[in-house]
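Shown next, in structure tokens, is the structure this report addresses.
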Amino acid sequence: MNGVNKTLYIPLYGKAAVSKKGIILKDTKAEEIWEKEGFPLKGKTKSKWLTYYMGMRSAVFDNWVKEKMAACPEAVVLHIGCGMDSRAERVGVGDRQWYDVDFPDVIAERRKYFQENEKYHMLSGDARNPEWLKKLPHGRYIIVIMEGISMYLTKEELANLLSGIGNSFQNVYLLMDCYTEFAARASKYKNPIKEVGASVVSGLDDTGYLEQKAGLMFVTEHSLTPDAMVQELKGFDRWFFKHVMAGKMAQKLYRLYEYHTGE
């Protein structure tokens, strides 16, 4: 795998680690995959603070997806840059079409652990060249998950991808985490992803950019470190994470944006 693809092991390890601790997120599939396939992480990529962050981020996305699925039971679900994530199993596909998309070598790895059926599908594709969108059943509603991927796209590539989705579906519900532009600039000096070979990243500060370029309406910003999840940590870990890793410090580097287009 190349550097960008190898970054999938960082959230995989985080989810496996918190799941094994019995906090924040239950993900037995991540535990299973990490046990068999774990990439040799080092330095900050294996820090407990990053594992807590990865677990919380995934749990926040899960909760949002469940909420949107309940509100719009006919929506297609699209997870772009799925890596080895087991979200489809954690939240349940139900009676809908769910598509997990990633690079061909990532999807090849997924097929060792996940099975397709009439509802759940895996597609090989590059978010920078979204020809694979033609394979989706066009319709009225789509729930789009972009977790840990926007920073590997330029703003133009991101707008192109989201415009393509908007052209295929009348109503788009999107949750997407982004680096800030400050974080993108700083990442050339210090970023855990560099330790797995990824180096070029982008940031997004202007929430109006996608309104102008992709026709999406900014809805709200979500917390990546909700207090209820921080409270699951113990002792010093809870205090340090709350005062150093969460809140304004986290917002300076990392944001979670919800967008919507349609009715």
Side-chain angles (χ1 to χ4, degrees), residues 1-19 24-25 27 29-30 33-34 37 39 41 44-47 49-65 77-88 90-91 99-103 105-107 109-110 122 125-128 130 143-155 157-158 161-162 174-181 183-184 186-187 191-204 210 221-225 229 245 250-251 253-259:
M1 291 188 183
N2 63 29
V4 172
N5 291 357
K6 287 178 181 177
T7 61
L8 68 85
Y9 287 105
I10 299 174
L12 177 63
Y13 173 74
K15 286 176 283 191
V18 297
S19 180
I24 303 169
L25 182 79
D27 195 337
K29 180 68 77 172
I33 298 172
W34 182 258
E37 305 282 352
F39 181 79
L41 299 178
K44 293 181 180 62
T45 58
K46 213 169 183 179
S47 82
W49 311 116
L50 187 58
T51 64
Y52 294 154
Y53 210 91
M54 293 294 97
M56 289 183 194
R57 183 182 76 176
S58 289
V60 169
F61 269 88
D62 282 3
N63 292 340
W64 180 85
V65 172
V77 179
L78 174 62
H79 186 175
I80 306 172
C82 58
M84 299 299 282
D85 188 83
S86 63
R87 177 162 290 116
R90 292 198 304 271
V91 307
Y99 292 83
D100 277 345
V101 181
D102 215 313
F103 290 113
D105 54 350
V106 176
I107 294 299
E109 286 294 306
R110 281 189 69 83
M122 290 180 280
D126 186 336
R128 297 165 297 187
I143 298 165
V144 182
I145 305 157
M146 291 185 65
E147 180 184 6
I149 182 176
S150 74
M151 56 285 299
Y152 303 111
L153 307 176
T154 66
K155 289 195 290 186
E157 289 168 341
L158 179 61
L161 169 63
L162 297 174
L174 167 69
L175 189 64
M176 173 182 67
D177 58 327
C178 304
Y179 281 171
T180 63
E181 293 181 9
S187 70
N191 192 324
I193 64 172
K194 293 175 70 68
E195 294 172 10
V196 293
S199 57
V200 180
V201 295
S202 300
L204 181 67
L210 294 177
E221 180 175 354
H222 294 262
S223 172
L224 282 155
T225 56
M229 294 183 191
M245 304 299 293
Q251 285 189 320
L253 301 172
Y254 208 32
R255 314 299 283 267
L256 182 59
Y257 298 137
E258 179 178 349
Y259 284 88

Checklist entry - Between M84 and D102, is a side chain to side chain contact (heavy atoms under 4.5 Å, CB included) present by the stated rule, with each step listed? => result CA-CA 9 Å; M84 299 299 282; D102 215 313; over 6 Å; no

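- For A184 against G203, the heavy-atom pair with the smallest separation is CB-N, 3.5 Å.
- Remark: side-chain polar atoms of R90 are not paired, donor with acceptor, to backbone N or O of A59 under 3.5 angstrom.
- A30 and A16 get closest at one heavy-atom pair: O-CB, 3.6 Å.
- Using a 4.5 Å cut-off on side-chain heavy atoms (C-beta onward), D27 and S86 make contact.
- One finds a salt bridge joining R110 and D100 here, because a Lys/Arg side-chain nitrogen approaches an Asp/Glu carboxylate oxygen to under 4.0 Å.
- To the nearest 0.5 Å, atom CD1 of residue I149 and atom CG of residue L161 are 7.5 Å apart.
- When side chains are defined from C-beta on, E147 does not count as touching V65, because their heavy atoms never get closer than 4.5 Å.
- When every heavy atom of D62 is checked against every heavy atom of R87, the shortest pair comes out as OD1-NE, 2.5 Å.
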Item to check | M176 and L204: CA distance, side-chain angles, deciding distance, side chain to side chain contact (heavy atoms under 4.5 Å, CB included) verdict | outcome: CA-CA 11 Å; M176 173 182 67; L204 181 67; 4.3 Å; yes

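- For the residue pair Y9 and W34, the shortest heavy atom distance occurs at O-CZ3, 3.7 Å.
- By the 4.5 Å heavy-atom criterion applied to side chains, C82 and I145 are not counted as neighbours.
- Between V144 and Y259, every side-chain heavy-atom pair lies at or beyond the 4.5 Å cut-off.
- If you take CZ on R57 and CG on L50, they are separated by 8.5 Å, rounding to the nearest 0.5 Å.
- To the nearest 0.5 Å, atom NZ of residue K155 and atom CG of residue L210 are 9.5 Å apart.
- In this structure, R255 contributes its side chain and L224 its backbone to no donor-acceptor pair below 3.5 Å.
- Atom CE in M245 sits 9.5 Å away from atom OG1 in T225 (nearest 0.5 Å).
- Between W64 and I143, the closest side-chain pair of non-hydrogen atoms falls below 4.5 Å.
- Rounding to the nearest 0.5 angstrom, the gap separating the CE atom in M151 from the CG atom in D177 is 4.5 Å.
- Side-chain atoms of N63 and M229, non-hydrogen and from C-beta on, do get closer than 4.5 Å to each other.
- When all heavy atoms of I80 and A127 are compared, the pair lying nearest together is CG2-CB, 4.1 Å.
- Scanning all heavy atoms of the two residues, the minimum distance from M54 to I10 falls at CG-O, 4.1 Å.
- Y257 is linked by a ring-ring contact (aromatic ring centres under 6.0 Å, His included) to F218, counting only residues two or more places apart in sequence or in another chain.
- At least one side-chain heavy atom of F61 sits under 4.5 Å from a side-chain heavy atom of L256.
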